[in-house]
Amino acid sequence: MSRFWIALILYGLAAIHNHIGTAVADFDGLGVCYGTLGTDIPDPRTTVQVCHSYGFKKIRLFKPDLKMMDALINQNIAVSIGIGNDELPNIGTALSSAEKWYSTNVKPYISKIAIEYIVVGNEAIPGPYAKWVASAVRNLKQVLLQSDQDSIKVTTAVSTSVLGATIPPSKGIFKAETRQMMVEVIQSISEGRSVPVLMVHAYPYRYHAAGLIRQDFATFSGHKPYYHDNGKNYWNMLDVLVDAFYSAIAKEIRGGNQLRLIVGASGWPSAGNRRFTTPALAAIYNQNFMRRVVRRQGTPAQPEKFVDGFIYALFNENKKPGDPADQHFGLLNTDKTPVYHFVVPQSPMFPPIIKSNPES
C-alpha cells in the first residue's frame, strides 16, 4: 500500500494537493507564517532554504508574492496564499476580478506548487472590509470550480476579537457586531464539496500578559487541568480558544459540526513587554505549540478534529505596527540566526518543554 493511502487512512484527511497531484510528502499539520513587515527580511529563495533547513513543509503568505511563489516551485512545501483586505471589495463585487486574481496568482503555479488554502482577508472581521468577505469567498470558490481546482480550500482568517465570550469554552459566542458577518462567512466557506475550514488566530500570550491566565496554562506547561467545563478538562489556553470558536459556530450554524478549525497563526514574542516576553518563555510556548500540532490531536470538545496550525512567525518584523512586542514574534532574526533554540518536531513523540516551577 502506498504512503499516500496509509496517510489517508490514518489521518482521515485528504492529501494536500492540487488537481493534478502535486503533494507534500509527509502531510504535516504544522506550518510557519512568512511575515514581511521588516527591514532586511531574507529574500524568497533564502527563505525557502531556511524552511528546508529547519524542516517546515508548509508556509503561509499573507499577500500574493510572485517572487516567493517562483522560489517555491518544486520545493515540496505547501503554500497558503492570502488575499489582502484592500483587495476584497473588487473580488467580492465582480467575478471577473476573482478570475483575474486567480489567473495571476494561482494558475501559473498549478502542477508546480502544492497550494493548500486561499485565505480571503486577514482579520477583516470586524472592520471596514468585513462586508465583502463572504462574497469574495464565493467568487473565488466559483473560479476554482470552473478551473477544476476546487480541491484548493478557500477560507478566511479571524482573530478572537470576533468572540464575545471564551471562558468557559462551552459559552463561546460571537459578538453582536460580528455575529451576522461570521454566519455569512461560515455559510460561504461551507458551500461546495470539500470539508469547510476556518482559520482562527489564537494567542494565549495576550491573555497571560493581560493577567487573565497563569503562565503555565498559557504555555502548555501545566501539571494538571486548570479549567473544567461540562466534564471536559482543559490543560492549556489554546484548546480553550479553539473550543470557544467551535461553541460559537454550533450556536449559529445548523450542521456547523462539519466545519474544521485551523490555527492560522499563534506564537509568543521574545521581547517588547517586560517579563512577559523573554526568549525563554517564547521558546517554551512555541516549542510546545509545534509539538501539539505535530501530535495531530483534537480538543477536549472536538477530539476527532485534528488541530493543524501555523506558527507566527519565521522572522522578526521591526516595522510591524502596534505593540512593541508585535515586532518580536520571529523564531529567527533577519540575519537567519535563531532568537532562541528550537527544533521543528517531525514526530508525534517529540518531548515537550515543561517549566518545573511555573509562575502564577
Side-chain angles (χ1 to χ4, degrees), residues 80 82-95 97-98 117-145 150 152-203 229-230 238-266 298-302 304-305 307-309:
S80 297
I83 296 178
N85 293 347
D86 57 345
E87 296 183 85
L88 298 182
N90 286 337
I91 294 175
T93 301
L95 183 63
S97 294
Y117 301 108
I118 295 174
V119 186
V120 181
N122 185 54
E123 298 187 7
I125 304 171
Y129 298 103
K131 63 183 178 181
W132 286 290
V133 176
S135 57
V137 167
R138 287 192 173 95
N139 282 345
L140 260 298
K141 289 173 78 77
Q142 179 64 27
V143 171
L144 290 172
L145 182 63
D150 57 326
I152 300 173
K153 290 182 171 61
V154 182
T155 185
T156 191
V158 296
S159 74
T160 51
S161 66
V162 304
L163 295 174
T166 56
I167 300 174
S170 62
K171 302 297 184 184
I173 57 171
F174 292 121
K175 289 179 179 177
E177 60 267 34
T178 65
R179 176 176 171 270
Q180 187 57 41
M181 289 178 286
M182 287 302 301
V183 169
E184 292 175 0
V185 166
I186 292 168
Q187 288 173 338
S188 68
I189 288 171
S190 301
E191 295 170 358
R193 297 174 294 181
S194 61
V195 175
V197 170
L198 176 67
M199 275 194 176
V200 300
H201 294 171
Y203 288 91
D229 183 26
N230 287 345
L238 185 81
D239 283 353
V240 168
L241 296 176
V242 173
D243 275 347
F245 269 104
Y246 274 124
S247 293
I249 292 165
K251 290 179 176 68
E252 302 294 344
I253 305 293
R254 185 175 181 180
N257 60 347
Q258 298 300 315
L259 184 140
R260 181 167 166 256
L261 297 178
I262 287 179
V263 178
S266 188
T299 61
Q302 299 285 344
E304 76 286 356
K305 294 181 179 178
V307 180
D308 291 350

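None of these values were measured; they are calculated from a predicted model. Note: hydrogens, waters and symmetry copies are ignored here, and every other heavy atom, side chains too, is used.
Applying side-chain contact (heavy atoms from CB on, under 4.5 Å) to Val200 and the options Ile262, Leu241, Val307, Leu261 leaves one that passes, Leu261. If you run salt bridge (Lys or Arg N to Asp or Glu O under 4.0 Å) between Glu191 and each of Lys141, Lys153, Arg138, only Arg138 comes through.
Considering CD1 of Ile189 and CG of Leu198, their distance stands at 5.0 Å, rounded to 0.5 Å. The line from CG of Leu163 to NZ of Lys175 is 8.0 Å long, rounded to the nearest 0.5 Å. We find the OH-CG distance between Tyr246 and Asp239 to be 11.0 Å, quoted to the nearest 0.5 Å. For the atom pair Met199 CE and Thr156 OG1, the distance stands at 9.5 Å (nearest 0.5 Å). Separating the CG atom in Asp243 from the CG atom in Leu238 is a distance of 9.5 Å, to the nearest 0.5 Å. Glu304 contributes atom CD, which lies 11.0 Å from atom CZ of Arg260 (distance to the nearest 0.5 angstrom).
In this structure the side chain of Leu88 reaches within 4.5 angstrom of the side chain of Val120, judged on heavy atoms. The side-chain heavy atoms of Asn90 and Trp132, taken from C-beta on, include no pair separated by under 4.5 Å. In this structure, the side chains of Ile253 and Leu259 stay at 4.5 Å or more apart for every pair of heavy atoms. When side chains are defined from C-beta on, Val195 does not count as touching Gln258, because their heavy atoms never get closer than 4.5 Å.
Residues Val197 and Thr155 come closest through the heavy atom pair O-OG1, 2.7 Å. Closest approach of Ala165 and Ala244 over heavy atoms only: O-CB, 4.2 Å. The two residues Glu177 and Met181 have their closest heavy-atom pair at O-CE, 2.9 Å. The minimum heavy-atom distance between Phe245 and Ser159, with the atom names listed, is CZ-O, 3.5 Å. When all heavy atoms of Ile91 and Asn139 are compared, the closest pair comes out as O-ND2, 2.8 Å. What you find for Ile83 and Glu87 is that their closest heavy atoms are CG2-CB, 3.8 Å.
Taking 4.0 Å as the cut-off between side-chain N and carboxylate O, Asp229 and Lys171 do not count as a salt-bridged pair.
A donor-acceptor contact shorter than 3.5 Å is absent between the side chain of Ser247 and the backbone of Gly172.
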Intermediate values then yes/no, side chain to side chain contact (heavy atoms under 4.5 Å, CB included), Asp308 and Val263: CA-CA 6 Å; Asp308 291 350; Val263 178; over 6 Å; no
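Between Tyr203 and His201, the ring planes lie perpendicular to each other; the angle is over 60°, past the 30° to 60° tilted range.
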